[in-house]
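My structure is below; once you've seen it, I'll send some questions.
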Amino acid sequence: MSKVILIDGHSILNRAYYGIPLLSNAEGLHTNAVYGFLNIMFKILDEEKADYLAVAFDVHAPTFRHEMFEAYKGTRKPMPEELREQVPVIKEVLHAMQIPTLEHAGYEADDILGTLGKAYEAAGYDVSIISGDRDLLQLATDKIKIRIPKTKMSGTEIEDYYAADVFEKYQVTPTEFIDMKALMGDTSDNIPGVPGIGEKTASKIISTWHSIEEAHAHAAELKPKKASENLVTYYEQAQFSKVLATIKTDCVLDFKLEDAAIGQMMNDASYALLKRLELKNILKRFDSVAETTVNYQTVKVLDDFAAAVSWLEGIGETDQLGLYYFSEDDFEGLAACKADNVPVYIPAEGMMTAAVLREMAAAAAKRAGVCCMIDVKPQLYWLELSEEDGIFDAAIAAYLINPLKDSYTYDGIAQDFLGMTVPSRADWMKKMTLTEASEKEKESFGHYLAYSAMIPVQAYGTLKKWLEETGMDRLFDEIEMPLVYALYDMEKAGIAVEKDALAEYGSRLTGRIDELEKNIYELAGESFNINSPKQLGIILFEKLGLPFAKKTKTGYSTSADILEKLRTYDPIVGQILEYRQLTKLKSTYADGLAGYIRPDDQRIHGKFNQTITATGRISSTEPNLQNIPVRMELGRLIRKVFVPKEDCIFVNADYSQIELRVLAHMAGDEHLIRAYKEAQDIHRMTASQVFHTPFDEVTPAQRSNAKAVNFGIVYGISSFGLSQDLSITKKEAENYIQQYFRTYPGIKAFLDRSVEAAKEKGYAVTLFGRRRPVPELLSSNFMQRSFGERIAMNSPIQGTAADIIKIAMVRVNRRLKQQHMKSRLILQIHDELLIEAVLDEVDAVKAILKEEMEHAVTLAVPLEIDMHIGHNWYELK
DNA sequence: CCGACATGCAA
DNA sequence: TATTGCATGTCGG
């Protein structure tokens with residue numbers, strides 16, 4: 001017999017709130033109701049071996065009862081703010097625990113519970129309904145148990161009512177309980193009832209006559225006399241009350257019981273959330289889960305050549321295949337897994353040479369109906385696969401579903417999408433070193449590798465369903481998966497660096513740094529570590545007594561913008577600023593980049609990461625090639641050491657103000673759209689309109705301020721932020737913003753809309769459906785919430801721009817390959833692409849860049865690019 | 001030796 | 001107290 005638990009959300013939350021003193025976390029968010037709710041829920045789950053669990057909530061919309069009776073629930077006190085703020089939080093917790101929450105306009109939670117309770121009873125389930133509200137007793141049967149918890153800090157006691165228990169307590173059946181309520185009324189719901197009849201009298205009357213109708217027919221026989229008279233006088237009101245008090249059991253609901261199947265409630269998402277809420281007692285429950293690690297059956301080690309070949313050649317189009325190819329430290333092999341089968345591990349050794357294994361693995365991947373992997377890009381170095389092969393990268397799918405996680409490894413995917421706790425790579429590594437594994441523990445090592453093949457193929461169905469249900473399947477298929485191959489090609493191509501020139505640049509810096517260091521020690525009267533903000537702060541603000549000492553958490557702030565204001569007070573400040581600038585260039589760029597030049601080809605092969613950013617941008621590491629200096633001339637000189645290879649030249653193209661154009665389109669603001677269609681200088685245009693100055697008379701200062709406002713808008717503007725940026729008062733900044741919104745009313749409406757939508761849905765969305773959760777919006781901390789609002793304004797813009805350049809990259813890369821060109825895409829810097837173009841392909845490359853970048857998507861405003869050619873990166877300006 | 005913090009580079 | 005990143009050096013556990 002399967003068991004279903006249904007919870008009356010608001011009612012339990014309410015009980016918990018009043019039963020437990022106010023608690024709050026570090027953010028100031030109150031948590032007592034959430035805590036109490038979860039305690040009750042877990043207590044019930046612990047004692048009942050339930051298979052299904054769902055929680056119903058009331059919605060903030062009138063129900064049929066309100067339509068019948070205007071005063072319905074009219075006397076109910078409004079929810080205190082400290083409780084109200086916990087409603088979305090408990091929903092979020094439930095969501096993280098994969099417990100469905102049900103709410104439906106026009107129905108109360110009671111009606112949902114009644115409908116589902118009766119339906120599942122009829123279908124043969126045992127049902128428990130949890131509520132703090134005795135109204136629910138009318139639903140009790142011998143299969144439906146109504147459970148009413150009494151919350152105290154010390155613990156929870158629960159009263160249970162089957163039909164018989166209701167009868168025992170009230171001498172009426174559950175159905176008759178409705179009639180009883182029709183007589184006695186309910187002040188909290190504003191059900192009128194019949195005056196002069198309370199619980200005792202009502203119980204006596206209904207236990208005798210079983211319904212208000214019968215009682216009315218025998219009114220004369222009723223005692224006491226007052227009750228008899230009032231029942232006649234107020235009979236209509238009693239009938240009316242009966243309808244109000246009757247819980248509907250025939251609501252039309254779109255709900256499938258399987259969605260309420262109890263899964264892995266203690267997962268990463270719920271852990272993070274509970275941790276944030278600081279619900280330590282609930283967090284304890286995770287410990288016991290960690291021990292339930294699933295160490296699945298066995299891995300078949302196919303070290304026999306014939307057996308391995310036959311397994312791989314047996315893969316056909318009806319198979320869902322999981323693959324993981326590994327090559328490191330002279331150790332190479334393939335883990336593979338067919339859906340619902342035992343994983344296999346095939347080491348590259350003996351007759352099964354690495355070359356043969358790689359080829360057979362790639363061939364199997366191509367033949368399979370679908371081939372699922374985790375983190376495909378690095379495996380492409382060994383497996384020759386391309387975007388046409390339709391590989392499914394589970395890490396990228398998981399990233400789209402929640403881009404806020406810090407990794408997408410197999411153990412996390414197993415936890416989140418399969419409810420499975422498996423040992424992580426680190427857990428296995430603790431047990432044995434790689435060498436030990438390869439030499440002595442082949443089977444164990446294969447066992448560990450096998451997770452990387454097994455998890456993606458098992459999670460495939462769930463991930464696919466998530467992508468479809470969130471509307472991100474096309475984003476995944478048409479943008480993200482093809483992009484994997486474009487990024488791989490970029491990494492493989494790398495960028496050539498003139499090592500000697502870089503070294504020379506470094507030593508030039510060193511000369512000046514030594515000079516500055518000497519000067520600084522002299523001016524300070526002692527030597528100290530200039531790189532230590534702590535020591536520097538003491539020298540500047542204590543020893544030299546400079547003014548405006550600003551504090552950070554740990555001491556004085558010595559950041560450039562502070563020092564800049566101190567320049568005139570002491571010559572040491574200027575020297576320090578220059579020292580800072582030069583040591584930055586030396587350590588991060590001159591020395592830092594040198595360490596990444598590969599000796600075999602004198603090129604830097606940086607990594608481009610696709611599953612890092614919250615907004616959908618790509619990131620660059622080892623080294624970061626997206627933050628090479630450009631603003632200051634001295635820093636910009638570094639770009640001279642990045643050069644094209646022989647017979648090549650650099651071509652770059654960058655979008656002109658892509659984010660502002662995306663904003664114009666998404667907001668549909670006619671003024672901004674018109675400004676772009678007329679192809680004017682947009683910052684000047686903004687200045688002209690915001691400052692009421694004729695276009696031709698805008699001063700450089702006005703234009704520059706307008707530019708700052710435009711930036712601010714994209715970042716989710718705040719008057720404080722703008723005032724800092726422009727060194728003006730907050731008041732003035734407020735005026736600029738107000739003027740801006742008056743000029744472009746559509747922008748204001750859009751930004752407001754974005755915040756509202758994110759609050760409602762819990763995430764921000766790009767034009768292509770990419771989502772970015774914004775949990776900060778739930779915070780009761782003003783700063784956190786404001787941060788959430790800025791994220792909600794910025795993410796759709798930054799994210800859509802990221803979507804667009806990704807589309808362009810995929811198409812540019814495709815065309816370079818399809819047309820068998822030797823030119824290669826080598827860098828992406830958020831709104832810019834850099835190509836190392838073979839000299840005789842330059843015109844074709846320029847045409848491709850222009851076409852694919854400007855037409856990656858059609859917006860209400862044109863997308864424009866600027867293109868340049870140069871013999872090194874520095875010249876591309 | 002690792003993590004937090006401060007700092008500064010880019011779009 | 002403006003969005004998104006990454007790398008560096010210092011310093012303390």
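Just so it is clear: chains get the letters A, B, ... in the order the sequence lines come, proteins before strands, and each one is counted from 1.
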(request) Could you tell me whether A/Arg824 and A/Glu836 have a side-chain N and a carboxylate O separated by less than 4.0 Å? (result)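 Between A/Glu836 and A/Arg824 there is no salt bridge, as every charged N stays at least 4.0 Å from the carboxylate O atoms.
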
(message) Hydrogens and angles aside, do A/Ser779 and A/Glu776 bring a side-chain donor and acceptor to less than 3.5 Å of each other?
(response)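 The criterion, which ignores hydrogens and geometry beyond distance, is not satisfied for A/Glu776 and A/Ser779.
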
(message) Using modelled atom types and a 3.5 Å cut-off, is there a donor and acceptor pairing between side-chain atoms of A/Asn652 and backbone atoms of A/His868?
(response)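 Yes: the side chain of A/Asn652 pairs with the backbone of A/His868.
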
(message) Assess whether a salt bridge exists between A/Arg661 and A/Glu864, defined as any Lys/Arg side-chain N lying under 4.0 Å from an Asp/Glu carboxylate O.
(response)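 Yes, this pair counts.
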
(request) Check every nucleotide of DNA chain C for an atom under 4.0 Å from a heavy-atom of chain A, then give the first and the last such nucleotide from 5' to 3'. (result)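 Here the contact window of chain A covers C/dT1 to C/dG12.
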
(request) Indicate, with yes or no, if the rings of A/Tyr736 and A/Phe691 have centres closer together than 6.0 Å. (result)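 Aromatic pair counts; centres sit under 6.0 Å.
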
(message) Counting the atoms with a prime plus P, OP1 and OP2 as sugar-phosphate, which does A/Lys534 contact under 4.0 Å by heavy atoms, base, sugar-phosphate, or nothing?
(response)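 It contacts sugar-phosphate atoms only.
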
(request) Remember a base hit wins even if backbone is also touched, and classify A/Ala614 as base, sugar-phosphate or nothing at under 4.0 Å, heavy atoms. (result)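 The answer is sugar-phosphate, as A/Ala614 gets under 4.0 Å only of primed atoms, P, OP1 or OP2.
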
(message) Does anything in residues 733-765 of chain A come within less than 4.0 Å of DNA chain B? Heavy atoms only, and list the residues if so.
(response)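 Per residue number, the list is empty: none.
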
(message) Under a plain distance cut-off of 3.5 Å, with no hydrogens placed, do A/Gln689 and A/Tyr744 share a side-chain donor-acceptor pair?
(response)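 Looking only at side-chain atoms, A/Gln689 and A/Tyr744 do form a donor-acceptor pair, the distance falling under 3.5 Å.
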
(request) For C/dT1 versus B/dC5, give the span between their P atoms, rounded off to a whole number of Å. (result)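 The answer is 14 Å between these two P atoms.
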
(request) Classify the nucleic acid contact of A/Ser719 as base, sugar-phosphate or nothing, counting any heavy atom under 4.0 Å across all strands shown. (result)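 No contact.
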
(request) Identify whether the distance between the nearest side-chain nitrogen and carboxylate oxygen of A/Glu480 and A/Arg770 falls below 4.0 Å. (result)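 Salt bridge between A/Glu480 and A/Arg770, a charged N being under 4.0 Å from a carboxylate O: yes.
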
(request) With heavy atoms under 4.0 Å as the rule, sort A/Ile612 into base, sugar-phosphate or nothing. (result)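 It contacts sugar-phosphate atoms only.
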
(message) Students often get this wrong, so: under 4.0 angstrom with heavy atoms, is A/Gly712 touching a base, only sugar-phosphate, or nothing?
(response)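 Base contact.
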
(request) Would you indicate what A/Glu659 reaches in the nucleic acid, counting non-hydrogen atoms under 4.0 angstrom: base, sugar-phosphate, or nothing? (result)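 Nothing, no heavy atom under 4.0 Å.
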
(request) For each nucleotide in nucleotides 3-11 of chain B, reading 5' to 3', give B when a protein heavy atom comes within less than 4.0 Å of its base, S when such contact involves only the sugar-phosphate, and - otherwise. (result) ---SSBBSB

(request) Establish, for the pair A/Lys377 and A/Tyr488, whether the NZ or CZ atom is under 6.0 angstrom from the six-membered ring centre and no further than 45 degrees off its axis. (result)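 Not flagged: A/Lys377 not positioned over aromatic ring of A/Tyr488.
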
(request) Looking at every strand, decide which applies to A/Asp725 at a 4.0 Å heavy-atom threshold: base, sugar-phosphate, or nothing. (result)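 Base contact.
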
(request) May I ask you to say what A/Arg636 touches in the nucleic acid, namely base, sugar-phosphate or nothing, with a heavy-atom cut-off under 4.0 Å? (result)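 The answer is nothing, as A/Arg636 stays clear of every strand by at least 4.0 Å.
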
(request) Answer with base, sugar-phosphate or nothing: what part of the nucleic acid does A/Ala708 contact at a heavy-atom distance below 4.0 Å? (result)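 Base contact.
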
(request) Tell me what A/Phe711 touches on the nucleic acid: a base, only sugar-phosphate, or nothing, going by heavy atoms under 4.0 Å. (result)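 Contact class for A/Phe711: none.
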
(message) Tell me whether A/Thr729 contacts the main-chain N or O of A/Glu732 through its side chain, where contact means a donor paired with an acceptor under 3.5 Å.
(response)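 Yes.
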
(request) Could you tell me whether A/Arg639 and A/Glu875 have a side-chain N and a carboxylate O separated by less than 4.0 Å? (result)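 Salt bridge absent between A/Arg639 and A/Glu875.
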
(message) Could you check whether atom NZ of A/Lys877 has more than 12 heavy atoms from other residues, nucleotides or ligands sitting under 6.0 Å from it?
(response)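 Count over threshold, so yes.
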
